[in-house]
Amino acid sequence: MHTERTPLITVLGHTAAGKTGFAARLAHRLNGEILSADSRQVYRGMNIGTGKDLQDYVVDGNPVPHHLIDVVDAGTEYNVYRFKNDFLRAYTDIRQRGKVPVLCGGSGLYLEAILRDYSMLHVPVDEALRADLESRSYEELKSLLALYGPLHNTTDTVNRKRLVRAIEIAMHQGSQETEDRKPAELDSLVLGIRFERMNRRDRITRRLEQRLKEGLVEEVEALHRQGISHEKLEYYGLEYRFVSRYLARILTYEEMVSGLNTAIHQFAKRQMTYFRGMERRGIDIVWLRGENPPEDTLERAVDLSRVLLARSGSVI
RNA sequence: GGUGCCAUAGCUCAGUUGGUAGAGCACAGGACUGAAAAUCCUGGUGUCCCUGGUUCGAUUCCUGGUGGCACCA
């Protein structure tokens with residue numbers, strides 16, 4: 001049995017780099033389809049705040065098919081495990097139809113889960129276990145997790161919630177054989193779009209102003225009216241967190257805008273740190289300057305993609 | 001115009017009984033496998049408003065400016 005290498009083109013970059021429009025144009029040229037790698041855009045009804053620019057998927061009047069957007073209801077939970085499963089299903093589907101898969105997004109963990117093929121088993125919530133762990137102290141939970149060997153995830157011990165989940169996963173893995181699936185190895189091209197720091201900040205600030213004009217506050221208000229609590233809105237992204245605090249009168253309008261702007265700048269910086277980390281862990285990223293003429297950048301990306309597709313025997 | 005108070009990091013402010021200074025936020029770097037736009041770690045970036053004086057030494061005390069705030073006219 002030979003190991004087949006299947007192609008995957010990835011477009012990543014910090015927020016407000018114009019990834020979506022770029023990936024859509026690239027996919028359009030390559031007869032491809034987009035797989036979103038955005039941990040926020042999976043939620044239905046969260047549009048302005050997650051930057052779900054659906055019009056960007058239309059290139060010269062032609063809609064480019066996209067996946068992994070609007071896959072769950074707002075207010076429910078989603079995570080990297082579910083993302084990986086959803087990705088594999090969509091990816092297989094795209095390949096079977098002979099299309100070129102283009103992964104596009106800025107959620108570093110989600111991207112890396114695909115590009116480095118994280119192994120993740122299905123581990124259901126164990127209510128009995130959780131109830132049992134409820135009474136344990138933080139230190140007790142920590143030593144309990146330590147019984148299962150070295151930490152798989154170094155951020156497992158940052159709080160109780162993560163500790164409990166880590167123990168749940170560790171116990172589950174101990175109780176069953178390690179998964180022996182052999183995923184098709186990816187033949188990967190990773191393109192990264194980045195702007196210089198000052199330009200990145202300008203773009204973020206301008207886009208935030210734009211989103212406020214488009215009705216960001218009203219969107220969050222509507223979600224809250226539908227029954228998503230302020231407490232929950234804290235976890236659906238920066239826009240929802242800050243606007244929710246404004247609606248709850250914890251922040252003034254001015255504090256909300258400036259605080260949100262700052263938080264997005266910090267997030268973009270963290271994204272870049274994550275991407276550098278991915279490079280250190282062995283993922284090659286071809287960086288494209290956002291400041292360059294878009295046509296030149298697109299042609300370069302098309303050329304690089306064709307080399308990859310020819311190598312993997314795909315016809316375009 | 002008079003009197004009083006204030007002036008220290010990008011911002012808000014501590015502090016130095018005279019030995020050139022430190023918090024929060026901002027900012028920078030890093031970590032990252034089931035909430036990842038999450039969570040966490042590290043780092044002080046400075047004409048201490050200007051001028052003259054006292055002093056071995058002044059951001060600190062004193063003189064005179066400048067700017068701000070308050071009160072009185």
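Here is how names work: the chains are called A, B, and so on, in the same order as the sequence lines, proteins then strands, and each is numbered from 1.
- The same atom, P, is picked in rC62(B) and in rC69(B); the two are 24 Å apart, to the nearest Å.
- Nucleic acid contact class of T15(A) (heavy atoms, under 4.0 Å, all strands): none.
- Considering every non-hydrogen atom in both M120(A) and A113(A), the closest pair reads CE-CB, 4.2 Å.
- Taking the P atoms as reference points, rG22(B) lies 14 Å from rA9(B), given to the whole Å.
- Put simply, Q266(A) has no side-chain N or O that comes within less than 4.0 Å of OP1 or OP2 on rA37(B).
- At least one side-chain nitrogen or oxygen of T273(A) sits closer than 4.0 Å to the OP1 or OP2 atom of rG30(B).
- Comparing the same atom, P, in rG29(B) and in rG15(B) gives a spacing of 33 Å after rounding to whole Å.
- For the strand RNA chain B, secondary-structure stems (runs of at least three Watson-Crick or G-U pairs, all distances below 3.5 Å) span B:1-7 with B:66-72, B:10-13 with B:22-25, B:27-31 with B:39-43.
- The phosphate of rG29(B) (OP1 or OP2) has a side-chain N or O of K269(A) nearer than 4.0 angstrom.
- At the heavy-atom level, R201(A) lies under 4.0 Å from the strands shown only through sugar-phosphate atoms.
- Of the side-chain N and O atoms in R270(A), one or more sit less than 4.0 angstrom from OP1 or OP2 of rA38(B).
- Listed nucleotides: rG29(B), rA38(B), rA37(B). Nearest to the side chain of R241(A): rA38(B).
- Separating the P atom of rC56(B) from that of rU42(B) is a span of 45 Å, rounded to the nearest Å.
- On the P atoms, rA26(B) is 31 Å away from rG68(B), given to the nearest whole Å.
- Remark: the separation of the P atoms in rG24(B) and rG67(B) is 35 Å, to the nearest Å.
- With hydrogens and angles left out, the side-chain atoms of Y246(A) and E255(A) include no donor and acceptor closer than 3.5 Å.
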